[in-house]
Amino acid sequence: MENKKVAEMVTTIAKKHNVPVDTVVSIKRGTPAVCDARSEAIVRVRLTMPELTLDDIGQEFGGRDLTTIATTVRKHRHKYPDLSPNNNL
């Protein structure tokens, strides 16, 4: 991972979900636990680091397309009410 803040956040979330960091950022789909961890990480990165573009975030998560990142944020942001709901994609 190129961005140190993203790497730290992904590591924390991977530990929380008890999954390896490399599977969270992998292009492979993985188990439901991995998918949950990845979705949480993507949403938290997007909403706490708005300076990163969707492309930047996609590159941090295995080279995913920006539309995949946008869809993940749109579908899962409601699960994290501790983050500002006013942040836009």
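Here the structure is a predicted model, which means the values were calculated and not measured.
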**Request:** Compare every heavy atom of A70 with every heavy atom of L54, then report the nearest pair and how far apart it is.
**Result:** CD1-CB, 4.0 Å

**Spacing of NZ belonging to K79 relative to CZ belonging to R44, to within rounding of 0.5 Å** = 12.0 Å

**Complete:** Note: T23 and P20 closest approach over all heavy atoms is OG1-O, 2.7 Å

**Request:** Using the side chain to side chain contact (heavy atoms under 4.5 Å, CB included) rule, take I42 and R38 through it: C-alpha gap first, then chi angles, then the decisive distance, then the call.
**Result:** CA-CA 6 Å; I42 288 171; R38 183 181 299 126; 3.8 Å; yes

**Asked** Going through the distances and angles, do V73 and I57 end up as a side chain to side chain contact (heavy atoms under 4.5 Å, CB included)?
**Response** CA-CA 11 Å; V73 172; I57 297 169; over 6 Å; no

**Prompt:** For the atom pair NZ (K28) and CG (D22), what is the distance rounded to the nearest 0.5 Å?
**Reply:** 10.0 Å

**Request:** Might you point out which heavy atoms bring A14 and V24 nearest each other, and give the distance in Å?
**Result:** CB-CG2, 4.0 Å

**Request:** Looking only at non-hydrogen atoms, find the nearest pair between R64 and V25 and report the distance.
**Result:** NH1-O, 4.4 Å

**Complete:** Between the OG1 atom in T68 and the CD1 atom in I27, the distance rounded to the nearest 0.5 Å is 7.5 Å

**Request:** Verify the distance criterion only: is there a donor paired with an acceptor across the side chains of D55 and T53 at less than 3.5 Å?
**Result:** no

**Asked** To the nearest 0.5 Å, how far apart are NZ in K15 and OG1 in T11?
**Response** 6.5 Å

**Complete:** CZ (F61) and OG1 (T72) are apart, to the nearest 0.5 Å, by 9.5 Å

**Request:** Quick one: pull up CD1 in I13 and CD in E8 and give me the separation to the nearest 0.5 Å.
**Result:** 12.0 Å

**Item:** Step-by-step side chain to side chain contact (heavy atoms under 4.5 Å, CB included) determination, V10 to E60
**Value:** CA-CA 10 Å; V10 170; E60 296 288 344; over 6 Å; no

**Trace of the side chain to side chain contact (heavy atoms under 4.5 Å, CB included) decision for H17 with D36** = CA-CA 8 Å; H17 289 269; D36 289 344; 4.1 Å; yes

